[in-house]
Amino acid sequence: MKLIMHTQFRILMTCLLLAGCVTTAMAQAITERMNENMITVSGVVKDQKSHRKLEYVNVYVPGTNIGTVTNSDGAFTLKFKDPGTIVYIQFSYLGYNSNQVEVDRLASTGNEYFLAQSSFKLNEIVVSPVNARILVQDAMWKVKQNYSPVSTLNYLFYRETVQKRNRYITISEAVTEAFKTNYTQGTGRDRVRITKSRSVASPDLKDTLSVKLEGGPNLATYVDAVKNPDILLEPEYQDMYDYAFKDYVTIDDRVQYAISFKPKPVMLDFPLYVGTIYIDRENLGISRIEFSMDMSDPAKVTRQMLRKKPATMRFRAQDLSYLVTYRYQGGRYFLNYIRAEFKFRCDWKRRLFATNYTVVSEMVVTNRVDNPLEWVTYKEAFHNSDVLSDKVMDFYDEAFWEDYNIIEPTESLEEAVGKLKKAIDRNAK
C-alpha cells in the first residue's frame, strides 16, 4: 500500500504494511423488513454505565458468516436474509460481555442498547507466570490450528477518506471480494477485486495538493498480520522486540492475554512498531492486534513513507497506526476488521503555515464462503499501484449499496459527503 500525493509533480509515500464489557444496551436498533426475505437491523451501541458510544463493536448473526462493525459514533446497520431460523443478533467488544438480542425484540427495545463491562475476577481463572515472548512465539506456531484450514472468499466493505485539517477532501468506498488461501500458504495467491465502488472529491482549486492511497482495498491481504507477519510477527524479527504481559481481558467472553511490545534499541534502516497483541488464553489464537510505527526517529519514518516529493515541499510523518481484529467462530479465528490511519504534515518553503493531513482506510468482512468454487484472477485483481478514487466516477447515492452490508457513515462523514456533492454541483454550473 502506498500513499500518493499529487501536485505539479508525482510524490510517492510508501508505508510498510504488516499490515471491555457490555450488559445489553447496544443503541438505537430498528428492525424492518426491506422485502419478503430481507431484514435490516440498525442501532447505536453504548457502554451501560457511562453511555459512551462504543466504536468498532462486532455485530453479527450467530451461526452465519454475516456481520459488520459499529462506526466511531457507535452506529451500525446489519442486513440479512431471513431463512426463518435466525433468532439473535450478537454483539462483542474488547473488555465487555458479549450479548445476544432476539431479532423480534430489536424493534421494541427502544433507541439504545447497552453493553456491560466484563467483571471476571482473576481468582476465577488459574493464574500462572506469563512469559510474554514465548506466548507470542507459541501463538505463531499454532496458526495452522487456530485459523482457516481452507481457502475462503471474503465479501468486504471498504472505505478510505482523506482529510485536510478537519475537512474531508476525498471519500471513496467499495464492495470488494478477497480470495485468501489457508493460513499456512502465505499471501502469494491472495487477491482482491472490486465489485462496486464510488468516490467523491473536493473541486476546490485551493486544494493544490491532493492525497491518494495506492492499493487501499488490499488491506485485506497485507495488513492481515497473522497471515502476513512481515516484520511484526515473523520469528526472525521477534528478537527485535521486548514483550511484556499487561493484563487479562475478555473478547467474545473468552479470556485473552494482553501482550505489549516495543522495539529493542537495535540499529536498523527501517522503523519497527509498538502495540498490543491479544492472545486467546485457551487456544493461543491471536484475536486482535493494535500497533503503530515507532516514532522515536521521525526522519526514519519519513524515509519509510516518502519516495519522491517536490523540492519546495517539506513532509513530516506524525503517526501510522493499525487495528486488526479476528472473529472467533467454530473453534477458529477469521479475519474481521482492519483499520489503518496515517497522519502527516506538509508545508512549503516561504509559506507561514503547515497543513495536517489524515488518511483513514478501513474494511470489514461482511460475509464469507469457505472452499469457494471461484477465486480472484490476477487480471481482475486490484493491484498495489491502483488508486480506488481514480477508478470510480459515481457520486454518492443513498440507494447505491442496495442490500450490501457496509460500515455506517458517521454523522460528520454524511455531512461531508453532502458538502462535497454541493460543491461539485456548483462547480459544474
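Between the side chain of Asn218 and the main chain of Thr221, no donor-acceptor pair closer than 3.5 Å is present. A distance-only check finds no donor-acceptor pair linking the side chain of Asn182 to the backbone of Ser151 [under 3.5 Å]. The main-chain N or O of Pro409 is found under 3.5 Å from a side-chain atom of Asn71 such that the two form a donor-acceptor pair. Thr195 places a side-chain N or O within donor-acceptor distance of the main-chain N or O of Val175, the cut-off being under 3.5 Å. In this structure, Asp280 contributes its side chain and Gly285 its backbone to no donor-acceptor pair below 3.5 Å. At distances below 3.5 Å, not a single donor-acceptor pair connects side-chain atoms of Lys262 with backbone N or O atoms of Asp294. Side-chain atoms of Gln329 come within 3.5 Å of backbone atoms of Thr64 as a donor-acceptor pair (strictly under, hydrogens ignored). Formation of a donor-acceptor pair under 3.5 Å by the Thr70 side chain with backbone atoms of Leu54 is found in this model. Remark: side-chain polar atoms of Lys227 are not paired, donor with acceptor, to backbone N or O of Leu335 under 3.5 angstrom. Listed for the Thr410 side chain is a donor-acceptor partner under 3.5 Å among the backbone atoms of Leu413.
Separation of the Tyr248 and Tyr257 ring centroids falls under the 6.0 Å cut-off.
For Lys264, the NZ atom is densely surrounded, since the number of other residues' heavy atoms within 6.0 Å is greater than 12. Within 6.0 Å of NZ in Lys196 there are more than 12 heavy atoms belonging to other residues, nucleotides or ligands. Atom CD of Glu411 sits in a sparse spot, with 12 or fewer heavy atoms from other residues, nucleotides or ligands closer than 6.0 Å.
Contact check for Val417 versus Glu414: no side-chain heavy atoms found under the 4.5 Å cut-off. The side-chain heavy atoms of Leu153 and Glu374, taken from C-beta on, include a pair separated by under 4.5 Å. Val143 places none of its side-chain heavy atoms less than 4.5 Å from the side chain of Thr184. Phe91 places a side-chain heavy atom less than 4.5 Å from the side chain of Val101. Contact annotation: the side chain of Ser202 never approaches that of Lys164 to less than 4.5 Å [non-hydrogen atoms, C-beta and beyond]. Contact check for Val41 versus Val59: no side-chain heavy atoms found under the 4.5 Å cut-off. For the pair Arg193 and Phe382, the minimum side-chain heavy-atom distance is 4.5 Å or more. By the 4.5 Å heavy-atom criterion applied to side chains, Ile66 and Leu78 are counted as neighbours.
When each of Thr366, Asn405, Val61 is tested with Phe80 by the rule side chain to side chain contact (heavy atoms under 4.5 Å, CB included), just one qualifies, namely Val61. A side chain to side chain contact (heavy atoms under 4.5 Å, CB included) with Ser172 holds for exactly one of Thr161, Leu388, Asp390, Val387; it is Leu388.
The aromatic rings of Phe261 and Tyr243 lie tilted to each other, with the angle between the two planes from 30° to 60°. Note: Tyr183 and Tyr147 have parallel aromatic rings, judged against thresholds of 30 and 60 degrees for the angle between ring planes. In this pair, Phe342 and Tyr322 present their aromatic rings perpendicular. The plane angle is above 60°, beyond the 30 to 60° band.
Ser199 and Ser389 share no side-chain donor-acceptor pair at under 3.5 Å. Between the side chains of Asn336 and Arg327, no donor-acceptor pair is found at a separation under 3.5 Å. Between the side chains of Glu341 and Ser321, no donor-acceptor pair is found at a separation under 3.5 Å. In this model, a donor atom of one side chain and an acceptor atom of the other lie less than 3.5 Å apart for Thr181 and Asp190. For the 3.5 Å distance criterion, the side chains of Tyr60 and Gln90 qualify, holding a donor opposite an acceptor. Judged by distance alone, the side chains of Gln163 and Asn356 never bring a donor and an acceptor atom under 3.5 Å apart. Using modelled atom types, one finds no donor on one side chain facing an acceptor on the other under 3.5 Å when comparing Thr377 with Arg191.
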Quiz item: Does the pair Tyr56 and Arg339 meet the rule for a side-chain hydrogen bond (donor to acceptor under 3.5 Å, both in side chains), with working shown?
Solution: CA-CA 10 Å; Tyr56 319 135; Arg339 178 184 172 87; 3.1 Å; yes
Exercise. Let me see the working for Glu362 and Tyr337 under side-chain hydrogen bond (donor to acceptor under 3.5 Å, both in side chains), right down to the final yes or no.
Key: CA-CA 7 Å; Glu362 60 180 342; Tyr337 175 74; 2.5 Å; yes
Exercise. Evaluate the criterion side-chain contact (heavy atoms from CB on, under 4.5 Å) for residue pair Arg254 and Tyr328; output intermediate values, then yes/no.
Key: CA-CA 9 Å; Arg254 299 177 65 84; Tyr328 187 71; 3.4 Å; yes
Quiz item: Does the pair Tyr404 and Phe157 meet the rule for a ring pair (Phe, Tyr, Trp, His ring centres under 6.0 Å), with working shown?
Solution: CA-CA 8 Å; Tyr404 291 106; Phe157 174 75; 9.3 Å; no
Exercise. Determine, stepwise, if the pair Tyr168 / Ser412 fulfils side-chain contact (heavy atoms from CB on, under 4.5 Å).
Key: CA-CA 9 Å; Tyr168 287 96; Ser412 61; 3.9 Å; yes
Exercise. List the steps and the verdict of side-chain contact (heavy atoms from CB on, under 4.5 Å) for Ile89 and Gln100.
Key: CA-CA 6 Å; Ile89 301 297; Gln100 288 187 341; over 6 Å; no
Exercise. Apply the test side-chain contact (heavy atoms from CB on, under 4.5 Å) to residues Ser92 and Val57: give CA-CA distance (whole Å), side-chain angles for both, the deciding distance (0.1 Å), then the verdict.
Key: CA-CA 6 Å; Ser92 66; Val57 175; over 6 Å; no
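With salt bridges taken as basic N to acidic carboxylate O contacts below 4.0 Å, none links Lys53 and Glu55. A salt bridge is defined here as a Lys NZ or Arg NE, NH1 or NH2 lying under 4.0 Å from an Asp or Glu carboxylate O, and Arg52 with Asp47 fails to meet this definition.
Contact record, Leu219 with Ala340: CD2-CB, 4.1 Å, taken as the closest heavy-atom pair. Taking both residues in full, the closest heavy atoms of Val369 and Pro372 are given as O-CD, 3.8 Å, listed atom of the first, atom of the second, then distance. The minimum heavy-atom distance between Val130 and Ile259, with the atom names listed, is CG1-CD1, 4.4 Å. Among all heavy-atom pairs drawn from Lys144 and Arg332, the shortest one is O-NH1, 3.1 Å. Glu160 and Gly216 make their closest contact through OE1-CA, 3.9 Å (heavy atoms, listed as atom of the first residue, atom of the second, distance). The heavy-atom pair separating Val69 from Phe76 by the smallest distance is O-CB, 4.2 Å.
Rounding to the nearest 0.5 Å gives a distance of 8.5 Å between CD1 of Ile279 and OG of Ser287.
By the salt bridge (charged side-chain N to carboxylate O under 4.0 Å, His left out) test, Asp252 pairs with no residue at all, sequence neighbours left out.
Under the 6.0 Å distance and 45° angle rule, Arg345 does not count as a cation-pi partner of Phe315. Remark: Arg288 is not positioned above the aromatic ring of Tyr326, lacking an NZ or CZ atom under 6.0 angstrom from the ring centre and at most 45 degrees off the axis. By the 6.0 Å and 45° rule, Arg189 does not stack over the aromatic ring of Phe179.
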Pairs under 3.5 angstrom only: tabulate donor-acceptor contacts from the side chains of residues 233-240 to other protein residues two or more places apart or in another chain.
| unit_1 | atom_1 | unit_2 | atom_2 | d |
| --- | --- | --- | --- | --- |
| Gln238 | NE2 | Leu233 | O | 3.0 |
| Asp239 | OD1 | Arg133 | NH1 | 2.9 |
| Asp239 | OD1 | Arg133 | NH2 | 3.0 |

